[in-house]
Amino acid sequence: NILGVDTGDSDMVAADVNQDGEWNVTDVVELVALILDGDNEPRKAPAQEDYEMGCLALVDTQIVQGTTHEVGIELSNTAPYTAFQMDVTLPECLTIEDVVVSNRTNNHSLQWREQADGTIRIVGYSLSNEAIGGEGGTLLNLVVRADNQLSEGVVEINGITFVTRDIVTHQLD
């Protein structure tokens with residue numbers, strides 16, 4: 001599945017709704033449309049350029065050894081994104097304790113799990129394909145614990161995918 005959890009027998013063909021060879025958040029949006037919205041077939045995506053691509057950024061945060069801090073991830077967007085996924089890499093001196101939704105995403109489900117490569121995969125979606133609220137501000141907060149050996153490091157976010165209800169998919173930097 002998307003979070004890398006082996007759930008036993010899976011039908012990759014059936015779960016890969018958009019038939020791109022991967023299970024990702026785009027498939028979730030299409031499945032919600034098919035199952036819960038009562039659509040009879042997957043939506044046909046308009047052109048990618050119909051929506052301006054959003055921008056994701058980490059909030060600059062000072063972290064103290066041996067303490068827990070929230071590190072905000074902000075999203076600026078005009079596209080009505082309904083779901084997202086991303087992989088977060090933390091320096092060895094930081095441990096993720098939780099991922100918390102903001103008021104922009106309080107109607108969304110959020111799942112996160114450490115992957116085999118040590119990254120943290122975060123997936124957010126709405127079971128009604130509701131758009132993320134607003135056009136700017138905190139999307140979610142990473143609750144991280146700094147060990148007593150805290151040194152400089154870089155938090156990286158990769159594999160950033162945002163999807164609209166009509167299946168426009170943006171791969172953000």
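Heavy-atom basis, side chains included; hydrogens, waters and symmetry copies ignored.
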Non-hydrogen side-chain atoms of [X] and [Y] separated by less than 4.5 Å:
X	Y	result
Ser102	Leu140	no
Val155	Val88	yes
Val168	Val163	no
Arg104	Leu75	yes
Ile73	Leu58	yes
Ile122	Ile157	no
Leu172	Phe84	no
Val71	Ile63	yes

Can you measure from [atom1] ([X]) to [atom2] ([Y]) and round to the nearest 0.5 angstrom?
X	Y	atom1	atom2	answer
Leu142	Ile96	CG	CD1	4.5 Å
Asn141	Glu74	CG	CD	9.5 Å
Gln65	Asn148	CD	CG	6.0 Å
Leu94	Asp147	CG	CG	7.5 Å
Arg121	Gln115	CZ	CD	4.5 Å
Ile132	Leu139	CD1	CG	5.0 Å

For Val144, the option from Thr68, Thr61, Val99, Leu90 that meets side-chain contact (heavy atoms from CB on, under 4.5 Å):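 It is Leu90; the other options fail the test.
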Centroid separation His170 to Tyr81 less than 6.0 Å: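 Centroid distance His170-Tyr81: below 6.0 Å, so yes.
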With a cut-off of 6.0 Å (strictly less than), are more than 12 heavy atoms of other residues, nucleotides or ligands near [atom1] of [X]?
X	atom1	result
Glu92	CD	no
Asp60	CG	no
Asp173	CG	no

Ser128 (side chain) donor-acceptor with Ser126 (main chain) under 3.5 angstrom: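 Side chain of Ser128 to backbone of Ser126, a donor-acceptor pair under 3.5 Å: no, none is there.
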Gln111 side-chain N/O to Ser109 backbone N/O, donor-acceptor pair under 3.5 Å: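 Side chain of Gln111 to backbone of Ser109: no pair is present.
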Can [X] and [Y] be counted as having a side-chain donor-acceptor contact under 3.5 angstrom?
X	Y	result
Gln171	Thr161	yes
Glu135	Asn77	no
Thr82	Arg165	no

Val123 with Leu127, same ILVMFWY side-chain cluster at under 4.5 Å: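 Val123 clusters together with Leu127.
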Considering all heavy atoms, the nearest Phe162-Met86 contact: CZ-CE, 4.4 Å
For the student: nearest non-hydrogen atoms of Val64 and Ala146, plus distance: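 Minimum heavy-atom contact is O-CB, 3.5 Å.
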